[in-house]
Amino acid sequence: MSNRELRIGNRVFRQGRRWGSCEMKIHEHQAKALFARYGIPVPKGEVATTPEEAVQAVRNLGGRAVLKAQVHAGGRGKGGGIKVVQSKEEASEFAAGLLGKNLVTPQTDAQGVPVSHLLVEELAGISRELYLAVTVDRGRCLPVMLVSKSGGMNIEEVATTDPDAIHAEPIDPVLGFLPYQARRLADKLDLNDGAAAMAGQIMSGLYRLFVQQDCSLVEINPLAVTAEGELIALDAKVDLEDDALFRHPDNQELADHTQENELEAKAAALAIAYVKLDGNVGCLVNGAGLAMATMDVISTVGAAPANFLDVGGGASEEKVAAAVTIILSDPDVDRVLVNIFGGILRCDIAAQGIIQAYKNTGSSLPLAVRMLGTNVEPGKKILRESGLDVTFANTMIEAAHAISQVR
Amino acid sequence: MSNRELRIGNRVFRQGRRWGSCEMKIHEHQAKALFARYGIPVPKGEVATTPEEAVQAVRNLGGRAVLKAQVHAGGRGKGGGIKVVQSKEEASEFAAGLLGKNLVTPQTDAQGVPVSHLLVEELAGISRELYLAVTVDRGRCLPVMLVSKSGGMNIEEVATTDPDAIHAEPIDPVLGFLPYQARRLADKLDLNDGAAAMAGQIMSGLYRLFVQQDCSLVEINPLAVTAEGELIALDAKVDLEDDALFRHPDNQELADHTQENELEAKAAALAIAYVKLDGNVGCLVNGAGLAMATMDVISTVGAAPANFLDVGGGASEEKVAAAVTIILSDPDVDRVLVNIFGGILRCDIAAQGIIQAYKNTGSSLPLAVRMLGTNVEPGKKILRESGLDVTFANTMIEAAHAISQVR
Amino acid sequence: MGILIDERSRIVVQGITGREGGFHAKSCLDYGTQVVAGVTPGRGGQTVEGNVPVFDSVKEAVEKTGANVSLIFVPARAAMDAVVEAADARVGLVVCISEGIPVQDMVKLSQYLDKMGVRLIGPNCPGLINPAAACKVGIMPGSIHLPGRTGVVSRSGTLTYEAVGQLTALGIGQSSCVGIGGDPIIGTDFVDILRLFNDDPATDQVVLIGEIGGAMEQDAAAYIKDGFTKPICALIVGATAPPGKRMGHAGAIITGDSGRAKSKVKALRDAGAVIIPTPADIGETAQNLLDSNK
Amino acid sequence: MGILIDERSRIVVQGITGREGGFHAKSCLDYGTQVVAGVTPGRGGQTVEGNVPVFDSVKEAVEKTGANVSLIFVPARAAMDAVVEAADARVGLVVCISEGIPVQDMVKLSQYLDKMGVRLIGPNCPGLINPAAACKVGIMPGSIHLPGRTGVVSRSGTLTYEAVGQLTALGIGQSSCVGIGGDPIIGTDFVDILRLFNDDPATDQVVLIGEIGGAMEQDAAAYIKDGFTKPICALIVGATAPPGKRMGHAGAIITGDSGRAKSKVKALRDAGAVIIPTPADIGETAQNLLDSNK
């Protein structure tokens, strides 16, 4: 599934955060290993990195299995990243066709994401597919357990088309998730007594995982009811909160940077919020709100931003330089708009960072610069004397007009 | 230290519970093993069950050590249960003189408690002795961290003679124990920066131990400041809450029933609140308050209760019979007063239990019975027809008079 | 009148299909109490004790029957869950008979109930009764009570019955009797109940039964001195409990000593309460108090 | 007048000896703010920025200087501790500039602050300013502000400065400006601030700057419809953020799409707010609003 908010009516269940902060995604097989630690049943499976390992894993599972590409992207099924195989030949062929290649799904860009691991799992006889998740209810400021009988589907779609099919139980952080809440939710899932008790244990484990590992989202979609009436987590999604990773050194090692856009990964490593977009106007802005506003204004004058970029509040000259270097590394960028409102970040620092990046990259792309606030005059002076192709603007809209008129 | 409440002015820090519920004590060496798991520094040491093991342990520690009898009683030092030894001969002699024997301390009865384990520990160079504990503040309904510079002393005495020497920091259960609270308390202990940081870590570990193991009290007395300015827990007290032991199956195995009065242990195993006293009037009562009131009334008429006993609310016939059997097993008892106010416990059930115990033990001790409440008439009828030597009374004071007049 | 419960109280019994829950639900019904529902998960749809419907959840019980007071008999391990379920179902008064709730669970629970504005009586308590309203929400024997104008509040269970028995024997009726429970952390304390009695026009005087341990009686004394306007007599039991005796696994601790009982007696006397000399003198002292305030 | 802070506000800066804390403490002082104390554990006894005394604890700072507002610059990992320390020291208003507090810590913190009745602005916010009182508790450039009668509230930092800059350029002064912060869980939301503006006699109209993500603007719309009595204009930024794009490690998520921005705009317009068409039109729209309500 994609990474957007889940909303039911006017209630927003956070599955993502504002631009400028982040979740760390992990692979399904890593998430399932965490599930197992918290007593949540998962299918028997092995991770394969070569076709030979995949064949051996299929053999270990009795000759039939499901192979699942391990990528940080939803839509794997539609993209051809999941296959049920009935023989080792099938397994070998599928694995060879994916491992070391890029997988394109409806949620990736045209380039796709590299596949280096396959999860090979036993097949389960499924009678129904449920949905189970823990995230934070932004309005109530509380964790919330979400369940639905409509598992296996995109949950945002369910929330839009049939909001009553999703049931939410807020969780008090002192008390934790209580048995009566599990009973209430299990009741919505039409389970028999045994499965309801099992669902209660799974919910309780899922909540403990959410809290103890500092997650922003844990999700089981689908949670299958097997033909035998057992429950099993067929998929697993665990998003770890970046801001809390310092408490979990082990989890930091679960990161897979091959799954990220190169520029975005570079930016992330520097704690710069950067999102690659389709246009040609590179944007250096401080503050997520001002960055979005700048994009809006650029669009207003008929131009197109090449990126969202928030260089952050307390940026140093080096950080600004790194941000500008990332902007200039984007081959789509042929001009740059700077919109800095000095607060914690001082304009003179920003100016020096810009110059440093232009020098280092040898770039000569034209700049429209709008600066205000702390140390604005020294900042402008530094840029004015730098020899760069700078047009100064007093307002956002002036800057947008100026940059759009560059030939 | 003894097991009474700690009170500072009108504030009561719970170190014990009302009669009728209980804490499970564990040995110092077991408590120190828990300390180590929570990062609280303890002296290097070994447990010895024979003089040979004690000698070997002293040798392992370099020829000098402190030997400490492992008993569930305070006042070990005064009772001769602790000794610093400078040679293996000394160690052997001291160990041989204690192991397999009973140790009498100011807090045991004349019989003392058996010593089967010695803790052999390295010696620390001590410059100061501090006090540190976590328990529950009954008034605030919150856990509380207690510290004092007056470590190594009986803390109730400190609380009485110099209450300002004890500093308390209540802990919010949602937030846990916070660094600023550690700084505030460390500040009261006159520690240098390094030791203050270490104290903060110890406090934080002590709180996590308290919460995660469901303790009613964790205490370090003394927490020594060594000559090198390090902190180390020289003694360790961990009381586990009985009511929460179901959550901690491992901890249940830490019980040492050899340390308990035999009748009290028997009663405890049956969840009967029983305390052996000095008198001759056995008391069977339901309810802790009524049991205390009964003792008070017996004293009023010049007689002396042989025990406190609360048979509990939902007692079955078997449980009542067991309670009466325990009363009759006390050689000091030559008469029995029954004071039952039927609520959850019905009088007829109580009557049948009494008769069963008298039959099983073949006892013929006289009874004064006062019964009221649920099913009182059937209860009296059963006793009246039992053939036992029963005097009925309508009030507590009548019953007390009746039993005191038995020859 | 009377406090906390009256003719409008509609009781849901959590754990009604258990042995104790069933026995005492019937006893409450027999006394005249409106026991309108029971709750046992998985037993919804049954009826018990004549025609009391059983529901799977408190929420359903409240929606279907208008229950506004809960009486809890579930095992200790399920008690926190049961109390929170009642609080979340907007039951304003929860009476928890269950004993053995871990103290640290009570710490969490008391935080939560404060936040929710829900009053808990207990745990490990006999409950409360309003004889004039024929409303009994607890395990006390109803037959010993007599409608009247004396309030009773106690930390104890059976000792409360003793007190009531002595009052009734002298014809002194009770406006309300509340057993607040003996655990270290309880939902409602002496001061809370005294405030209610102070504001209750049906209560002329109060009998308070305290004991050694804790400082709740001292807190009560402080309130009596400052804000309580009615005659009150008080008993402290445990004066003869031997001090400082080290207990075995069983009995925990003799938390107080006679000095402690004395300090409570002193605080209460200094605050203006009449002291009941021994547990055998509850009725007589209350009678004297009545006579002297005529 | 103005909201939350004024001439009587006495500021303690937690983390005053750090680079940012020191820089902004000075900037607040220069603006005229009474910065009466700083706190850095272990640095008590020093003075900084002229004669601001540094204390080891907030409690001491409050006792010695009468500080009643805290401004926090400590690193994210220490921020929860700093906020609670301020709250426990009875500081009624806590402004947390620090960013990067884990969401689950904010869950706990918001529970605690509710219980304590302490107001938190932020975290991850620029703070607030009252130009007429020359009181600035935050990191905004003071020079762009002008005393006046328009209130400003925003989820953003620099975008707030942008809004203020446009207002001041047209001579529209501000009664108070509050940046509430952009995190998923924050201490004070749009509705809280709108209520204060509604009751503030010094505020004639309000500029609200929202963005995509969350539902706080919809909540604000509901309140504007029901209870807000003053003219208000609103901007929602992020309309051109592409919907549903999967982000890398860095940027997390584009949480909204233009539809989402549209739904916020619609809710606000339906509630009676005047919509600011683009981020370049904040000043002009506010001017028109002023003119039409003369």
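These values consider heavy atoms only, across backbone and side chains, with no hydrogens, waters or symmetry-generated copies. If you're wondering where the values come from, they're calculated on a predicted model, not measured in any experiment. Each chain gets a letter, A, B and so on, in the order its sequence line appears, and its residues count up from 1.
Taking the six-membered ring where tryptophan is involved, the planes of D/H145 and D/Y31 are perpendicular, since the angle between them exceeds 60° and thus also 30°. Using cut-offs of 30° and 60° on the angle between ring planes, the pair A/Y207 and A/F177 is tilted.
For chain A, the option among D/I209, D/T278, D/D105 with the highest count of heavy-atom pairs below 4.5 Å is D/D105. Of the listed residues (D/T158, D/D189, D/I144, D/V107), the one with the most heavy-atom contacts under 4.5 Å to chain A is D/T158.
Of the atoms belonging to D/S143, not a single heavy atom falls under 4.5 Å from chain A. D/I139 touches chain A through backbone and side chain together, each having a heavy atom under 4.5 Å away. If you measure heavy-atom distances from A/T395 to chain D, you find no contacts under 4.5 Å at all. Neither the backbone nor the side chain of A/V285 comes within contact range of chain D, judged by heavy atoms closer than 4.5 Å. For D/I236, the part sitting under 4.5 Å from any heavy atom of chain A is the backbone (N, CA, C, O) and nothing else. The part of D/F23 that comes within reach of chain A is its side chain, from C-beta onward, which places non-hydrogen atoms under 4.5 angstrom from that chain. Both the backbone and the side chain of D/E162 come within less than 4.5 Å of a heavy atom of chain A.
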Apply side chain to side chain donor-acceptor pair (under 3.5 Å) to A/T294 and A/N339, showing your working.
CA-CA 7 Å; A/T294 305; A/N339 190 10; 3.0 Å; yes
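Environment of CD in A/E262: sparse, with no more than 12 heavy atoms of neighbouring residues, nucleotides or ligands closer than 6.0 Å. In this structure, D/K266 places its NZ atom where only 12 or fewer heavy-atom neighbours from other residues, nucleotides or ligands lie under 6.0 Å away.
Across all non-hydrogen atoms, the minimal contact from D/V95 to D/C125 is CG1-SG, 4.4 Å.
Counting heavy atoms from C-beta outward, D/I121 and D/C96 have side chains that stay 4.5 Å or more apart.
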